[in-house]
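Heads up, the thing below is written out as structure tokens.
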Amino acid sequence: SQKIEQNSEALNIQEGKTATLTCNYTNYSPAYLQWYRQDPGRGPVFLLLIRENEKEKRKERLKVTFDTTLKQSLFHITASQPADSATYLCALPYSGSARQLTFGSGTQLTVLP
Amino acid sequence: DGGITQSPKYLFRKEGQNVTLSCEQNLNHDAMYWYRQDPGQGLRLIYYSQIVNDFQKGDIAEGYSVSREKKESFPLTVTSAQKNPTAFYLCASTEIGARYGYTFGSGTRLTVV
């Protein structure tokens, strides 16, 4: 079965720096990958979707890459702010292009002022 | 405003009781999902439904039941057969045939007392 690994449970960075979060997966080739933000006690909020034929996607200060050879996605937040502090989850379809998603355990990001 | 409403926000269950968690959406989404989140773990899929009157088991369906009598509603019952029900439960929905992100509710925190 597929497995998702997100780098280190917690990441602390200084305000203004770029945060880079990693999502690795094994055992299959997803048609797309998604990133979500989750604040404590709240449901996740969808941020970005990137398809297998897209190498990179940007949205404001966010950038996502998708390397299907390495089976890895990188999620970058540039010019980070304390308000960016949250847990970030990556998610992939259960198989191929299925709409059921499997989620990683998340990386908790803290941006220090 | 369109969205997903989960209720109640907090729920306490006694041993041997069945409890039902409500999930209602006014987004006109066809697909709905139930996930369970435990501390330090990713979301795990309990049940999902892609169309009214049809639903499928996810990875951890034992001890849970659902119904989908209306497009807008997807209630989850936690039965007494679920031995470790204390967790944060999240409902989500998405459009059919599209690789859009999920819209999540704000969650229900269930505690066994």
Side-chain angles (χ1 to χ4, degrees), chain A residues 1-10 21 23-26 30-54 57 59 62 64 66 73 75 86-108, chain B residues 3-10 21 23-25 27 29-51 54-61 74 87-111:
Chain A
S1 62
Q2 67 274 32
K3 183 177 179 181
I4 303 176
E5 291 185 353
Q6 294 192 242
N7 67 320
S8 71
E9 291 187 2
L21 284 62
C23 177
N24 295 298
Y25 60 92
T26 60
Y32 62 92
L33 182 148
Q34 300 183 8
W35 284 90
Y36 290 77
R37 168 183 173 141
Q38 186 176 25
D39 291 287
R42 308 292 297 273
V45 174
F46 171 70
L47 296 174
L48 281 167
L49 178 152
I50 186 166
R51 294 181 170 78
E52 61 182 337
N53 61 349
E54 297 175 316
K57 181 165 276 189
K59 179 183 177 182
L62 308 180
V64 172
F66 193 11
S73 175
F75 177 82
T87 296
Y88 292 86
L89 308 170
C90 71
L92 293 91
Y94 264 72
S95 62
S97 60
R99 285 185 298 143
Q100 300 84 256
L101 295 177
T102 184
F103 286 80
S105 56
T107 297
Q108 184 176 341
Chain B
I4 294 186
T5 301
Q6 288 188 242
S7 62
K9 189 170 179 63
Y10 300 96
L21 284 60
C23 178
E24 303 277 335
Q25 55 101 356
L27 299 165
H29 286 170
D30 288 285
M32 298 187 73
Y33 309 84
W34 275 105
Y35 285 87
R36 167 180 173 146
Q37 188 173 35
D38 295 280
Q41 297 191 34
L43 282 67
R44 292 184 290 167
L45 183 62
I46 305 172
Y47 268 99
Y48 64 98
S49 169
Q50 302 193 63
I51 194 169
D54 187 50
F55 48 82
Q56 286 77 42
K57 295 181 179 180
D59 294 328
I60 55 166
F74 192 39
F88 189 46
Y89 290 87
L90 288 158
C91 180
S93 70
T94 190
E95 297 182 38
I96 193 168
R99 296 172 190 169
Y100 297 134
Y102 285 6
T103 300
F104 279 89
S106 56
T108 293
R109 189 165 299 280
L110 174 62
T111 304

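Everything quoted here is computed from the prediction, not taken from an experiment. A, B, ... follow the sequence lines: proteins, then strands. Residue 1 opens every chain.
- Partners of A:Asn24 under the side-chain hydrogen bond (donor to acceptor under 3.5 Å, both in side chains) rule, at least two apart in sequence or in another chain, are A:Gln72.
- The most heavy-atom pairs under 4.5 Å with chain B, out of A:Pro44, A:Gly104, A:Ser105, come from A:Pro44.
- Both the sub-6.0 Å distance and the 45° axial angle are not jointly satisfied by A:Arg51 relative to the ring of A:Tyr32.
- For B:Gln56, no part sits under 4.5 Å from any heavy atom of chain A, backbone or side chain.
- In this structure, chain B has heavy atoms under 4.5 Å from both the backbone and the side chain of A:Leu101.
- Using a 4.5 Å cut-off between heavy atoms, B:Leu90 contacts chain A through its side chain alone, with no backbone atom that close.
- Taking the six-membered ring wherever Trp is involved, the centroid distance between the rings of A:Tyr36 and A:Phe103 falls below 6.0 Å.
- By the side-chain hydrogen bond (donor to acceptor under 3.5 Å, both in side chains) test, B:Tyr33 is found to be paired with no residue, residues two or more places apart in sequence or in another chain being considered.
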